[in-house]
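Given the structure is predicted, the values throughout are model-derived calculations rather than measurements.
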Amino acid sequence: MVSIREVGPRDGFQNEPEVIATDDKVRLVEMLARTGLRRLEVTSFVRADVIPQLADGAEVLRRAAIPDGVAVSVLIPNERGLDNALALREHFDEVNLFLSASETHNRKNVNRSIEESLTGLERVIERARGEGLRCEGVISVAFGCPYEGDVPRDRVLAIAERLVAAGCEEIAFGDTTGMANPVQVGQFFDGLDLGVELTAHFHNTRGQGLANVVAALGAGVRSFESSFGELGGCPVPPGATGNVATEDVVSMLEEMGVTTGVDLPRLLEAASAAQEALGRPLGSHVLRAGPVEWAGGE
């Protein structure tokens with residue numbers, strides 16, 4: 001069985017050009033929470049002037065009715081973000097903390113060096129753990145940087161080890177702008193053991209997202225992040241399209257005999273509702289074509 005964290009309400013919504021109405025966000029989050037998904041990233045506590053698409057994140061978090069058994073996570077950029085999040089502590093279970101594996105991308109994304117980000121996140125992790133929160137460290141551009149090109153695996157793993165030592169119970173490796181290929185992914189994860197949960201986060205910018213999921217699965221990864229409807233992208237650089245679609249991942253894995261625990265028809269209802277809210281077609285393949293239906297026979 002694999003575990004899937006749905007990141008569309010945060011990573012997806014924040015990178016769409018439209019600002020989705022708060023009522024629609026609440027409705028979509030509640031629909032996703034009833035699909036069988038066990039992990040759901042609802043919003044971030046980044047400054048509203050930086051990510052206006054999520055300016056209503058606190059309201060969404062307060063209003064959304066999430067069933068017991070669904071772990072709610074929020075993205076935290078720094079200590080101020082944690083301060084703001086803790087005012088709503090009863091509404092979430094986990095925090096996701098991020099930085100980039102290349103200096104240039106980290107500077108463009110958060111205006112800090114990698115070391116400055118790590119030092120700040122170590123403080124955030126210590127405080128979050130003190131509040132009983134589970135911590136996931138997210139390493140962006142782990143498979144390649146659009147500004148610097150190759151990102152050495154040793155550098156990525158050194159960052160991961162710092163995050164684990166600080167108290168992260170999960171490390172996500174992000175293919176933030178869709179530069180990874182299946183051979184590279186397989187080699188990256190082959191034999192990797194950091195003593196914590198390892199998660200793969202692929203974007204479908206160049207159409208290789210699903211292939212990379214299969215490669216990671218073959219190398220032992222059992223935890224993935226994805227976004228319903230193939231929503232999202234990356235604010236830097238332009239042209240980085242959405243996360244691999246959750247319904248595409250679920251459909252593929254279930255067809256391969258890998259259990260996800262996700263109800264695909266309900267997930268497709270949520271993706272269709274997101275498409276209606278945005279008023280335009282989304283990139284998900286299964287949303288367009290429908291799930292596989294095998295004809296009956298003797």
Should L37 and F224 be counted in the same cluster of Ile, Leu, Val, Met, Phe, Trp and Tyr side chains packed under 4.5 Å apart? yes
Ignoring hydrogens and geometry beyond distance, is a side-chain donor-acceptor pair present between S100 and S140 at under 3.5 Å? no
Please find the pair of heavy atoms, one from T177 and one from R206, that lie closest to each other, and give the distance. O-NH1, 2.7 Å
Within the structure provided, determine whether S227 and H203 are in side-chain contact (heavy-atom separation under 4.5 Å). no
Linking I/L/V/M/F/W/Y whenever any side-chain heavy atoms sit under 4.5 Å apart, do M179 and V221 land together? no
Does either side chain, that of N243 or that of E225, offer a donor lying less than 3.5 Å from an acceptor on the other one? no
Can R5 and E197 be counted as an ion pair, charged N to O under 4.0 angstrom? no
Identify the two heavy atoms, one from A270 and one from L32, that lie closest to each other, and give their separation to 0.1 Å. CB-CD2, 3.8 Å
Between F173 and F143, is the ring centre distance below 6.0 Å? no
Side chain to side chain contact (heavy atoms under 4.5 Å, CB included) evaluation trace for V244 with V249: CA-CA 7 Å; V244 64; V249 174; 3.8 Å; yes
Note, L267 side chain near V286 side chain (heavy atom, < 4.5 Å): no
The reported gap from CD1 in I171 to OG1 in T199 (rounded to nearest 0.5 angstrom) is 9.0 Å
So if you build clusters from Ile, Leu, Val, Met, Phe, Trp, Tyr with side-chain heavy-atom gaps below 4.5 Å, do V60 and V74 land together? yes
Mind listing the closest non-hydrogen atom pair of A85 and I76 along with its distance? CB-CD1, 3.6 Å
Between D248 (side chain) and H285 (backbone), is there a donor-acceptor pair under 3.5 Å? yes
Under a single-linkage rule joining Ile, Leu, Val, Met, Phe, Trp and Tyr whose side-chain heavy atoms are separated by less than 4.5 Å, which residues share a cluster with V292? W294
Could you check whether atom CZ of R80 has more than 12 heavy atoms from other residues, nucleotides or ligands sitting under 6.0 Å from it? no
Any side-chain heavy atom of L278 within less than 4.5 Å of one from L231? yes
Run the numbers on L40 and V29 for side chain to side chain contact (heavy atoms under 4.5 Å, CB included), then give the verdict. CA-CA 8 Å; L40 182 59; V29 166; 3.9 Å; yes
Would you give the length of the straight line joining atom CG of L210 to atom CG of N204, rounded to the nearest 0.5 angstrom? 6.0 Å
Between R155 and E148, is there a side-chain N and carboxylate O pair less than 4.0 Å apart? yes
Can you tell me how far CZ of R162 sits from CG of L121, rounded to the nearest 0.5 angstrom? 9.5 Å
Please step through salt bridge (Lys or Arg N to Asp or Glu O under 4.0 Å) for the pair E103 and K108, ending with a clear verdict. CA-CA 9 Å; E103 292 288 351; K108 289 181 177 291; over 6 Å; no
How far does OG1 of T246 sit from CG of L268, to the nearest 0.5 angstrom? 10.5 Å
Tell me whether I4 shares a hydrophobic cluster with F228, the cluster being built from Ile, Leu, Val, Met, Phe, Trp, Tyr side chains joined at under 4.5 Å. yes
Greater than 12 external heavy atoms within 6.0 Å of E255's CD: yes
On a heavy-atom basis, the closest approach of V19 and P52 is CG1-O, 4.5 Å
Between V214 and M252, is there a side-chain heavy-atom distance shorter than 4.5 Å? yes
Minimum heavy-atom distance V185-A180, with the two atoms named: CG2-CB, 3.8 Å
Less than 4.5 Å apart, any side-chain heavy atom of C135 and any of E94? no
Take N96 and E41, measure what side chain to side chain contact (heavy atoms under 4.5 Å, CB included) needs, and give me the verdict at the end. CA-CA 9 Å; N96 302 339; E41 187 182 47; 2.8 Å; yes
Can any side-chain N or O of R288 pair as donor or acceptor with the backbone N or O of G283 at less than 3.5 Å? yes
Which residue in the set N212, T176, D11 passes side-chain hydrogen bond (donor to acceptor under 3.5 Å, both in side chains) when paired with H201? D11
Are side-chain heavy atoms of T43 and L75 found at a separation under 4.5 Å? no
Verify, without hydrogens or angle tests, whether Q184 (side chain) and N181 (backbone) share a donor-acceptor contact under 3.5 angstrom. yes
T119-E115 side chain donor-acceptor pair, cut-off 3.5 Å: yes
Are F45 and F98 linked, directly or through other ILVMFWY residues, by side chains that come within less than 4.5 angstrom of each other? no
Would you tell me whether E136 and S73 have side-chain atoms, one donor and one acceptor, within less than 3.5 Å of each other? no
Go through the steps to decide whether T22 and R63 satisfy the test side chain to side chain contact (heavy atoms under 4.5 Å, CB included), and finish with yes or no. CA-CA 10 Å; T22 303; R63 287 177 51 188; 3.6 Å; yes
When you compare the side chain of L86 with that of R127, does any pair of heavy atoms fall below 4.5 Å? yes
What's the spacing between E269 CD and L264 CG if we round to 0.5 Å? 10.5 Å
Under 3.5 Å, is there a donor-acceptor pair between the side chain of D190 and the main chain of A219? no
Using a strict cut-off of less than 4.0 Å between a Lys/Arg side-chain nitrogen and an Asp/Glu carboxylate oxygen, indicate whether D263 and R34 qualify as a salt bridge. no
Considering only NZ, NE, NH1 and NH2 on the basic side and carboxylate oxygens on the acidic side, decide whether D24 and R27 come within less than 4.0 Å. yes
Salt bridge check, R39 against E6: does any charged N sit closer than 4.0 Å to a carboxylate O? no
Does a side chain donor of either S284 or E247 reach within less than 3.5 Å of an acceptor in the other side chain? yes
Heavy-atom side-chain proximity of V258 to M1 below 4.5 angstrom: no
Could you tell me whether D56 and K25 have a side-chain N and a carboxylate O separated by less than 4.0 Å? yes
When rounded to the nearest 0.5 Å, the distance separating CG of L157 from CG of L192 is 5.5 Å
Under 3.5 Å, side chain of E30 to main-chain N/O of A65, donor-acceptor pair present? yes
Could you check whether any side-chain N or O of R222 sits under 3.5 Å from a backbone N or O of L217, counting only pairs where one atom can act as donor and the other as acceptor? yes
Closest approach of V196 to E170 (non-hydrogen atoms, all atoms of both residues): CB-N, 4.2 Å
When you measure from the side chain of Q53 to the backbone of E16, do you find a donor-acceptor pair of N or O atoms at a distance under 3.5 Å? yes
